[in-house]
Amino acid sequence: MLYSQKGYKNSDSEFAIGSYKVKRSGSVNYNYLELPILAKINADGLFFEAGPQFGYLLNIKDKTKQESNIPGIPSYDVSSAQNLDNVNRFELGYAVGLGYQADSGPMIGLRYNGAFTDFAKDAYQNGSYKNARNSAFQLYVGYLLGSK
């Protein structure tokens, strides 16, 4: 079982028309519990792994800030947990990776995981969330207790 944090950083963007401006910045984090079930092939310390991965979204932390002096476009500063009603909490995906494990126990690996399921529920799939799916690279270190 893994704890994983995914998300995105809003690129600091600014839109201006004359003296009117809108500036947006911040980040959104998605916290998951994930269970990868991987087949592992060892070749003299070098290993390859691949298989399905199941995830459960625990919460969403939004730290977005928007500043505006345009009438009708509000300024806001979000720093809170978000509502999970419009997103799929369960995620079905895959993981593939490679790494090296020494006979004495230490290991290092690099893994890529992606989702088959859409992030947003049907009612929420408009604009930027339509067909959105998570993906991430993971770099990890570990130590195998006992013998290989």
Side-chain angles (χ1 to χ4, degrees), residues 1-43 45-102 106-144:
M1 185 77 64
L2 301 172
Y3 170 79
S4 180
Q5 190 173 73
K6 301 175 184 179
Y8 60 90
K9 182 177 190 286
N10 292 309
S11 57
D12 294 343
S13 60
E14 190 170 312
F15 173 73
I17 299 176
S19 63
Y20 292 113
K21 291 182 184 179
V22 176
K23 182 179 179 182
R24 187 178 174 100
S25 61
S27 63
V28 180
N29 294 325
Y30 304 100
N31 299 303
Y32 282 88
L33 276 182
E34 295 179 324
L35 178 63
I37 301 172
L38 305 177
K40 188 174 182 181
I41 299 170
N42 291 308
L46 185 64
F47 64 85
F48 302 93
E49 55 191 8
Q53 178 167 291
F54 304 94
Y56 180 75
L57 178 61
L58 298 170
N59 60 40
I60 302 172
K61 300 242 173 128
D62 191 346
K63 297 174 187 171
T64 302
K65 183 176 186 177
Q66 177 170 295
E67 300 172 46
S68 171
N69 66 352
I70 299 175
I73 298 179
S75 292
Y76 58 84
D77 190 355
V78 177
S79 184
S80 65
Q82 295 296 298
N83 185 335
L84 300 172
D85 292 342
N86 295 319
V87 297
N88 291 312
R89 298 207 52 189
F90 289 97
E91 181 177 84
L92 173 62
Y94 59 92
V96 294
L98 60 98
Y100 179 78
Q101 182 176 339
M107 73 172 83
I108 186 166
L110 177 66
R111 187 181 296 156
Y112 176 80
N113 63 52
F116 293 124
T117 53
D118 290 337
F119 173 72
K121 290 184 179 176
D122 290 339
Y124 196 54
Q125 287 195 7
N126 59 23
S128 62
Y129 290 109
K130 184 152 181 76
N131 297 319
R133 295 184 179 157
N134 284 316
S135 64
F137 281 98
Q138 299 172 325
L139 178 64
Y140 62 92
V141 293
Y143 188 86
L144 181 64

Using side-chain heavy atoms (C-beta onward) and a distance below 4.5 Å, is Y143 in contact with P106?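 They are in contact (side-chain heavy atoms under 4.5 Å apart), so the answer is yes.
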
Side chain proximity check, L57 to E91, heavy atoms < 4.5 angstrom: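 Not in contact.
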
Using the ring-ring contact (aromatic ring centres under 6.0 Å, His included) criterion, which residues pair with [X]? Sequence neighbours excluded.
X    : value
Y100 : none
Y56  : F90
Y112 : F137
F48  : none

All salt bridge (Lys or Arg N to Asp or Glu O under 4.0 Å) counterparts of R133, not counting sequence neighbours: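 Scan of R133 (salt bridge (Lys or Arg N to Asp or Glu O under 4.0 Å), adjacent residues dropped) gives D118.
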
Would you please name every residue forming a salt bridge (Lys or Arg N to Asp or Glu O under 4.0 Å) with K40, sequence neighbours left out?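 For K40 there are no salt bridge (Lys or Arg N to Asp or Glu O under 4.0 Å) partners, ignoring immediate neighbours.
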
Do the rings of Y30 and F119 sit parallel, tilted or perpendicular, given the 30° and 60° boundaries?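 Taking F119 first and then Y30, their aromatic rings stand perpendicular (interplane angle over 60°).
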
Atom pair [atom1] ([X]) and [atom2] ([Y]), whose distance is rounded to the nearest 0.5 Å:
X   : Y    : atom1 : atom2 : answer
K63 : S25  : NZ    : OG    : 13.0 Å
E34 : Q138 : CD    : CD    : 6.0 Å
Q53 : F116 : CD    : CZ    : 10.5 Å
Y3  : N31  : OH    : CG    : 3.0 Å

Exam field: side chain N29 to backbone G7, donor-acceptor pair closer than 3.5 Å: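 Side chain of N29 to backbone of G7: no pair is present.
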
Any donor-acceptor pair under 3.5 Å linking the side chain of S75 with the backbone of S68?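 Such a contact is found between S75 side chain and S68 backbone.
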
Checking side-chain contact (heavy atoms from CB on, under 4.5 Å) for the pair I108/Y140: CA distance, chi angles, key distance, verdict? CA-CA 6 Å; I108 186 166; Y140 62 92; over 6 Å; no

